[in-house]
Participant: 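Before we start, here is the structure in question, set down as structure tokens.
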Amino acid sequence: MDQLSDDSILAVLSGQNFDSNEVASEEISYQNFEEIGGKPVDLGYSITGYQDAGVGSVYLSWNEGRWAFTSRARTEDPDNLLTDSKKVVEFLESSKLPSPKMYGTGRFDTISEHSRNQILVWQEERTVYKIEKAEGALRTLEIAASIK
């Protein structure tokens with residue numbers, strides 16, 4: 001049997017059951033970014049992101065419904081961060097992600113257009129679902145939006 005290489009993997013979707021809703025919610029790491037703060041940034045569609053930086057990276061984080069999203073770029077390339085984050089917000093205006101039965105989070109790496117360092121995690125009661133290793137934030141979101 002042939003082994004799959006990382007190049008042949010489109011994404012990894014997994015689910016894990018926990019003993020309780022509370023234990024499952026600990027896996028999500030949901031944050032309310034308006035409360036945390038940072039430099040406010042208009043992402044369009046009445047969404048405000050909050051920019052912060054640290055250790056060679058700049059971050060842009062925002063909330064949409066029960067979802068919390070964070071994009072990361074190198075400090076020398078903050079324009080890609082804003083452009084890519086606005087693309088995510090625009091995508092979410094016309095596509096529906098699974099509705100978490102508590103919270104969901106998305107973490108996107110905008111350092112490379114082909115980065116596979118994306119992760120989308122959401123909770124449905126005691127089960128936590130995760131999509132990772134897809135190529136780019138939009139591809140990760142497209143996969144999640146296709147789940148019924």
Participant: Side chain to side chain contact (heavy atoms under 4.5 Å, CB included) for Ile131 and Trp122? Distances and angles first, verdict last.
Facilitator: CA-CA 9 Å; Ile131 297 174; Trp122 69 97; 3.9 Å; yes
Participant: For the atom pair CD1 (Ile147) and CG (Leu120), what is the distance rounded to the nearest 0.5 Å?
Facilitator: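 It is 8.5 Å, given to the nearest 0.5 Å.
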Participant: If you measure from OG on Ser20 to CD on Glu125, what distance do you get to the nearest 0.5 Å?
Facilitator: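 Separation between the atoms: 11.5 Å.
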Participant: Check for a donor-acceptor pair, side chain of Arg126 on one end and backbone N or O of Asn21 on the other, with a separation under 3.5 Å.
Facilitator: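 Not a single qualifying donor-acceptor pair exists.
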Participant: Above 12 or not: heavy atoms from other molecules or residues under 6.0 Å from CG of Asn17?
Facilitator: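 Counting neighbours around CG of Asn17, more than 12 heavy atoms of other residues, nucleotides or ligands fall under 6.0 Å, so yes.
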Participant: Using the test side chain to side chain donor-acceptor pair (under 3.5 Å), find all partners of Ser71 that sit at least two apart in sequence or belong to another chain.
Facilitator: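 Here the qualifying residues are Ser85.
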Participant: Which heavy-atom pair separates Pro98 from Ala144 by the least distance, and what is that distance?
Facilitator: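 The answer is CD-O, 3.4 Å.
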Participant: Side chains of residues 33-60: which donor-acceptor pairs under 3.5 Å do they make with residues two or more places apart or in other chains?
Facilitator:
unit_1: Asp42; atom_1: OD1; unit_2: Gly44; atom_2: N; d: 2.8
unit_1: Ser57; atom_1: OG; unit_2: Arg72; atom_2: NH1; d: 2.8

Participant: Under the 3.5 angstrom rule, does the side chain of Arg107 hit a backbone N or O of Thr70 as a donor-acceptor pair?
Facilitator: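 Side chain of Arg107 to backbone of Thr70, a donor-acceptor pair under 3.5 Å: no, none is there.
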Participant: Can you see which heavy atom on Tyr129 is nearest to which on Gly15, and at what distance?
Facilitator: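 Distance-wise, the nearest heavy atoms are CD2-CA, 4.0 Å.
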Participant: Who pairs with Glu132 by side chain to side chain donor-acceptor pair (under 3.5 Å), at least two apart in sequence or on another chain?
Facilitator: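 Testing Glu132 for side chain to side chain donor-acceptor pair (under 3.5 Å), a comparison that skips the adjacent residues, returns none.
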Participant: Minimum heavy-atom separation for Gly65 and Tyr30, please, with both atom names.
Facilitator: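 In this case the closest contact between Gly65 and Tyr30 is O-OH, 3.8 Å.
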Participant: Which value, rounded to the nearest 0.5 Å, describes the distance between Tyr103 atom OH and Asn32 atom CG?
Facilitator: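 The CG atom of Asn32 is 8.5 Å from OH of Tyr103, to the nearest 0.5 Å.
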Participant: Could you grab the distance from atom CE of Met102 to atom CD of Glu27, nearest 0.5 Å is fine?
Facilitator: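 Nearest 0.5 Å value for the CE-CD distance: 14.0 Å.
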Participant: Picking from Leu92, Val89, Asn63, what satisfies side-chain contact (heavy atoms from CB on, under 4.5 Å) with Phe69?
Facilitator: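 Answer to the side-chain contact (heavy atoms from CB on, under 4.5 Å) test with Phe69 among Leu92, Val89, Asn63: Leu92.
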Participant: If you measure from CD1 on Ile143 to CD on Gln118, what distance do you get to the nearest 0.5 Å?
Facilitator: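 With rounding to 0.5 Å, CD1 (Ile143) is 10.5 Å from CD (Gln118).
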Participant: Could you state the interatomic distance from CG (Leu141) to NZ (Lys87), rounded to the nearest 0.5 Å?
Facilitator: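 If we round to the nearest 0.5 Å, Leu141:CG and Lys87:NZ are 13.0 Å apart.
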Participant: Checking Val88 against Trp62 for the side chain to side chain contact (heavy atoms under 4.5 Å, CB included) test, could you report, in this order, the C-alpha distance in whole Å, the side-chain angles of both residues, the deciding distance, and whether it holds?
Facilitator: CA-CA 11 Å; Val88 168; Trp62 69 97; 3.6 Å; yes
Participant: Any carboxylate oxygen within less than 4.0 angstrom of a Lys/Arg side-chain nitrogen, looking at Glu142 and Arg139?
Facilitator: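 A salt bridge is present here (some side-chain N lies under 4.0 Å from a carboxylate O).
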